[in-house]
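For reference, the structure discussed in these notes is given below.
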Amino acid sequence: MLRPSSLLTFVVVCVCLLWGTAEASVGDRLPEFRECVEVCARENCDPNNNPTHIPFHHRLLLWTCPQECDYTCQHIVTKQRLASGQPITQFHGKWPFVRVLGVQEPFSVLFSLGNLAAHHNGLSKIRSSISAAYPLRPYYELFACFGIATWIFSALFHTRDFRLTEQLDYFAAGAGVLYGMYYTPIRVFRLDKPTPRRRSVLRLWTVLCCSMYVAHVAYLKLWRWNYTYNMAANVTVGLVQNALWSYFSWKKWTESHRTWAIWPGVAVAWLMMVMSLELLDFPPVYGALDAHSLWHLGTIGPTILWYNFMVKDSQDNLAKTDRLKDIKA
């Protein structure tokens, strides 16, 4: 089981390394790339000089002639660099991916849809396996809904990188991570129980989390679109909930010695391990499969495990409640 101190050390190292690589994009500043784009646009994009036809499926995904030139020149320059023994470089903060039917990052889209399916199936499992009378079920259903929304917008963003799709992806991911932190203490400390003190704490916690999200979005949207801040905020919030779940998993295991009690700890460790893929950034294999897409692939397994834990934990709590009712009767 990962201890909170180990998680903190790992995450701090990850953030520092990620910050150092976030600006590694020199391809779009290369003279040969700029010249290529300029010549291409002049020869192919002039509406008064027989502009080059754009395929329908590209136009459907809002590819324009200048963007087609940009994409084409990225791969021309990349082939030239490889032929001369130079390394592949990023353009506009991204690797030169090979499109599939106009989709910019095909494997990231595919694995985002895999996560979407995992959350959708998890929602179905919650509704079919957990009684509607269980007080935590609405929180678990909301967790699934936030997960579904997060991966829908992730798939959209990796399909076409626009300012709008980027913002929707970031805001949805932030909401999903923050909701994870919101419901974690509700389960760990059972703030859902109808006692006056717990209800007061739950109301304050709800207001605090909503306020943090509004402030987060307002800062990014109205003040400054800051990638470093956004990443630090999500990592910090994720660290808090991961530490709480590690504590919960250890405590539940020592009390019950049931296998499913360690599943939250396993999921946390799994996520921390696949997070290292973001640090091992490399040019996409066959122009499509990169470290970021593998990070998306790596989150599918923990998601499936998490919903299995939710069901087991809920059924265990319901069984305990039924036994107490039988004893009192």
Side-chain angles (χ1 to χ4, degrees), residues 1-4 6-7 10-11 111-131 134-155 172-192 209 234-235 237-253 255-256 258-278 294-318:
M1 192 73 61
L2 285 178
R3 295 176 296 177
S6 300
L7 290 173
F10 182 81
V11 171
F111 299 146
S112 291
L113 294 176
N115 279 280
L116 169 61
H119 280 283
H120 183 270
N121 292 337
L123 179 60
S124 299
K125 186 175 292 187
I126 287 170
R127 288 174 172 170
S128 63
S129 304
I130 301 176
S131 169
Y134 185 55
L136 285 172
R137 181 174 136 164
Y139 295 100
Y140 294 168
E141 289 178 324
L142 269 177
F143 173 81
C145 290
F146 273 101
I148 290 170
T150 294
W151 292 106
I152 286 175
F153 289 120
S154 173
V177 171
L178 187 57
Y179 183 79
M181 188 179 75
Y182 169 71
Y183 95 94
T184 295
I186 295 176
R187 169 58 192 97
V188 172
F189 305 116
R190 292 309 304 265
L191 299 181
D192 60 297
C209 286
N234 281 284
V235 167
V237 170
L239 175 61
V240 171
Q241 59 185 290
N242 285 346
L244 283 173
W245 282 117
S246 294
Y247 159 77
F248 171 88
S249 192
W250 170 79
K251 186 172 182 292
K252 195 74 175 177
W253 165 254
E255 292 173 352
S256 66
R258 296 184 179 181
T259 303
W260 60 263
I262 68 171
W263 289 353
V266 172
V268 167
W270 189 336
L271 287 171
M272 289 299 174
M273 285 169 50
V274 296
M275 184 180 178
S276 64
L277 288 168
E278 293 282 49
L294 289 175
W295 153 249
H296 286 338
L297 173 64
T299 57
I300 297 175
T303 300
I304 296 171
L305 182 64
W306 200 265
Y307 283 104
N308 289 335
F309 158 72
M310 284 180 170
V311 170
K312 285 285 188 181
D313 181 54
S314 301
Q315 291 174 343
D316 182 64
N317 284 333
L318 286 168

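FYI, the numbering just counts along the sequence from 1. Fair warning: this is a prediction, and the values are worked out from it, not measured in the lab.
In this structure, I262 CD1 and W253 CH2 are separated by 6.0 Å, a value rounded to the nearest 0.5 Å. Note that OG1 of T184 is 13.5 Å distant from OH of Y247, once rounded to the nearest 0.5 Å. To the nearest 0.5 angstrom, N115 atom CG is 14.5 Å from H120 atom NE2. Rounding to the nearest 0.5 Å places CG of N121 at 11.0 Å from OG1 of T303. Q315 CD to W260 CH2: the interatomic distance, rounded to the nearest 0.5 Å, is 10.0 Å. With values rounded to the nearest 0.5 angstrom, M310 atom CE is found 9.5 Å from L136 atom CG.
Nearest heavy atom pair, residue V311 against residue S129, reads CG1-CB, 3.7 Å. Nearest heavy atom pair, residue A173 against residue N234, reads O-OD1, 4.0 Å. The two residues G298 and W270 have their closest heavy-atom pair at O-NE1, 3.4 Å. The heavy-atom pair separating W306 from A267 by the smallest distance is CE3-CB, 3.6 Å. Residues S249 and A261 come closest through the heavy atom pair OG-O, 2.7 Å.
The shortest side-chain heavy-atom distance between K251 and V188 does not fall under the 4.5 Å cut-off. When side chains are defined from C-beta on, D316 counts as touching K252, because their heavy atoms get closer than 4.5 Å. Between F111 and W295, every side-chain heavy-atom pair lies at or beyond the 4.5 Å cut-off. Side-chain contact between I300 and H119 is absent, with no heavy atoms from C-beta onward closer than 4.5 Å.
For F143 and Y307, the ring centers sit closer than 6.0 Å to each other.
For the salt bridge (charged side-chain N to carboxylate O under 4.0 Å, His left out) condition, the pairs that include at least one residue of residues 178-187, sequence neighbours left out, are R187-D313.
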Worked verdict on L142 versus Y182 for side-chain contact (heavy atoms from CB on, under 4.5 Å)
CA-CA 11 Å; L142 269 177; Y182 169 71; over 6 Å; no
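Residues meeting the side chain to side chain contact (heavy atoms under 4.5 Å, CB included) test with N308, sequence neighbours left out: K125, W263, I304. Residues meeting the side chain to side chain donor-acceptor pair (under 3.5 Å) test with Y179, sequence neighbours left out: none. For the side chain to side chain contact (heavy atoms under 4.5 Å, CB included) test, residues two or more places apart in sequence or in another chain that qualify with S131 are A133, L318. In this structure Y134 satisfies the side chain to side chain donor-acceptor pair (under 3.5 Å) test together with N317, sequence neighbours excluded. For S112, the side chain to side chain donor-acceptor pair (under 3.5 Å) partners are S154, not counting sequence neighbours. For V237, the side chain to side chain contact (heavy atoms under 4.5 Å, CB included) partners are V177, L178, M181, Q241, not counting sequence neighbours. Remark: F248 engages W245, F309 in a ring-ring contact (aromatic ring centres under 6.0 Å, His included) (not counting sequence neighbours). For S314, the side chain to side chain donor-acceptor pair (under 3.5 Å) test picks out no residue, with sequence neighbours left out. Scanning for salt bridge (charged side-chain N to carboxylate O under 4.0 Å, His left out) contacts around K312 gives an empty result, with sequence neighbours left out. A search for side chain to side chain contact (heavy atoms under 4.5 Å, CB included) contacts involving E141 returns L123, I126, R127, R137, not counting sequence neighbours.
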Could you tabulate the donor-acceptor pairs under 3.5 Å formed by side-chain atoms of residues 144-151, not counting sequence neighbours?
residue : atom : partner : partner atom : Å
T150    : OG1  : F146    : O            : 2.8
T150    : OG1  : A172    : O            : 3.1

